[in-house]
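Just so it is clear, the structure is predicted and the values come from calculations on it, not from any experiment.
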Amino acid sequence: MISRYRGYLLDMDGTIRRGGRALPGARELITALHAWDKAVLVMSNNPLRSAEQHRRDLARSGLELAGDEIFTSVSALLAHLERQPVNGALFALGERPLTDALAAAGHRLSDRPDEVGCVLAAFDRTFDYRKWTIAHRAIVAGARFIATNPDATYPTEHGEIPDCAGIIAALEASTGTRVQAVLGKPSKDFLEAALAKLGTPAQDTLVVGDRLDTDMAMALSGGLSAALVLSGVTTRADLARSRIRPTYVLDGVGELLGRDAGAALRPPDEPTC
């Protein structure tokens, strides 16, 4: 049963929902975790929504979560910028929710390369040559180069679309400069900030996600248990080719409540029910 762990870090897209729809078993899992008084944090590398927007989107899918149960790459980014303040303005290759979050946190934004002290690459469906040129010139002039997330693609109900990795690659190629920090999953920064918010130790926390290179890699590198679900990006063929070995492999999150998954997750001295 889900009593095996005190804390649950659940990936969002491809794990508990896809597009605007809850995936099978997700509603029941969220309800059960709350009923068992488990610590829950739903994670996303997607910077296109604020935590409140994510909460409302999930609620429309029938997934009821509190605003403080959402943690995104923007959350990790803002924590990073508090620790390492920018000398100058920020230029963000991102959309309005990201720039609004940065402005609300007190960061000055500019599209003048000579004013920019840090370039931020993000998932940006408005990325164009103008933005690329501004970012290129700022980085060549010495601006820091960071990013929200390393994802190559983003899953939608109509298929995958390009994500932040391509934008990072474009800037690395044109400037000859490697990105200096990527704050989303699977970074250590993201995991440490998420665990601090969740309030459970690594050994008592389960990460549930659909990506080997982000969700599973982050969990295993941090000493957490890792449950891979095959409802998103990763296939069994991908898993067979990978060196990353999750603690559990499930067809979907509903199996966390099923008899087989329950037996796998139940401590040896816990009675069956």
**Message:** Between Leu220 and Val207, is the side chain to side chain contact (heavy atoms under 4.5 Å, CB included) condition met? List the steps.
**Reply:** CA-CA 9 Å; Leu220 297 173; Val207 172; over 6 Å; no
Under a 4.5 Å cut-off applied to non-hydrogen side-chain atoms, are [X] and [Y] in contact?
X      : Y      : value
Glu255 : Tyr248 : no
Glu52  : Ile70  : no
Met216 : Val249 : no
Leu171 : Thr177 : no
Tyr5   : Thr200 : no
Pro24  : Asp251 : no
Asn46  : Asp151 : no
Phe91  : Lys131 : yes

Donor-acceptor under 3.5 Å ([X] side chain, [Y] main chain):
X      : Y      : answer
Arg27  : Ser61  : yes
Arg60  : Arg21  : no
Ser242 : Asp238 : no
Asn45  : Lys185 : yes
Ser231 : Gly14  : yes
Thr205 : Pro201 : yes
Glu172 : Val179 : yes
Glu28  : Gly254 : no
Asp210 : Thr15  : no
Asp100 : Pro97  : no

**Request:** Taking atom CZ of Arg83 as the centre, report whether more than 12 heavy atoms of other residues, nucleotides or ligands fall under 6.0 Å from it.
**Result:**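 More than 12 within 6.0 Å, yes.
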**Message:** Are there over 12 heavy-atom neighbours, none belonging to Asp37, within less than 6.0 Å of that residue's CG?
**Reply:**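 Counting neighbours around CG of Asp37, 12 or fewer heavy atoms of other residues, nucleotides or ligands fall under 6.0 Å, so no.
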**Asked** Please walk me through it: do Met12 and Thr72 pass side chain to side chain contact (heavy atoms under 4.5 Å, CB included)?
**Response** CA-CA 10 Å; Met12 187 181 301; Thr72 72; 5.7 Å; no
**Item:** Side-chain ion pair, Asp114 and Arg112, N-O less than 4.0 Å
**Value:**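 Between Arg112 and Asp114 there is a salt bridge, with a charged N closer than 4.0 Å to a carboxylate O.
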**Request:** May I ask you to say whether Arg49 pairs ionically with Asp57, meaning some side-chain N is under 4.0 Å from a carboxylate O?
**Result:**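 Yes.
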Count I, L, V, M, F, W, Y as connected when their side-chain heavy atoms are under 4.5 Å apart, and connections chain through other members. Are [X] and [Y] then in the same cluster?
X      : Y      : value
Leu120 : Val74  : yes
Ile244 : Leu230 : yes
Leu109 : Leu77  : yes
Leu198 : Ile30  : no
Val208 : Leu212 : no

To the nearest 0.5 Å, what is the distance between [atom1] on [X] and [atom2] on [Y]?
X      : Y      : atom1 : atom2 : value
Phe190 : Leu195 : CZ    : CG    : 10.0 Å
Thr153 : Phe123 : OG1   : CZ    : 9.0 Å
Phe71  : Ser44  : CZ    : OG    : 11.5 Å
Leu93  : Thr99  : CG    : OG1   : 11.5 Å
Gln84  : Ile146 : CD    : CD1   : 8.5 Å
Arg55  : Leu65  : CZ    : CG    : 9.0 Å

Kindly give the heavy-atom pair with the smallest separation between [X] and [Y], and that separation in Å.
X      : Y      : value
Ser50  : Gln53  : N-OE1, 2.8 Å
Gly94  : Ala122 : CA-CB, 4.3 Å
Leu98  : Ala92  : CD2-CB, 4.3 Å
Ser73  : Thr148 : CB-O, 3.4 Å
Leu81  : Leu102 : CD1-CD2, 3.9 Å
Ala165 : Ala152 : CB-CA, 3.6 Å

**Prompt:** Does the pair Ile139 and Arg144 meet the rule for a side chain to side chain contact (heavy atoms under 4.5 Å, CB included), with working shown?
**Reply:** CA-CA 7 Å; Ile139 293 169; Arg144 283 164 55 192; over 6 Å; no
**Item:** Stepwise side chain to side chain contact (heavy atoms under 4.5 Å, CB included) test for Leu10 and Glu69
**Value:** CA-CA 10 Å; Leu10 307 176; Glu69 291 182 315; over 6 Å; no
**Message:** Quick check on side chain to side chain donor-acceptor pair (under 3.5 Å): which of Asp163, Asn149, Asp13 does Tyr154 satisfy it with?
**Reply:**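 Testing each of Asp163, Asn149, Asp13 against Tyr154, the sole residue satisfying side chain to side chain donor-acceptor pair (under 3.5 Å) is Asp13.
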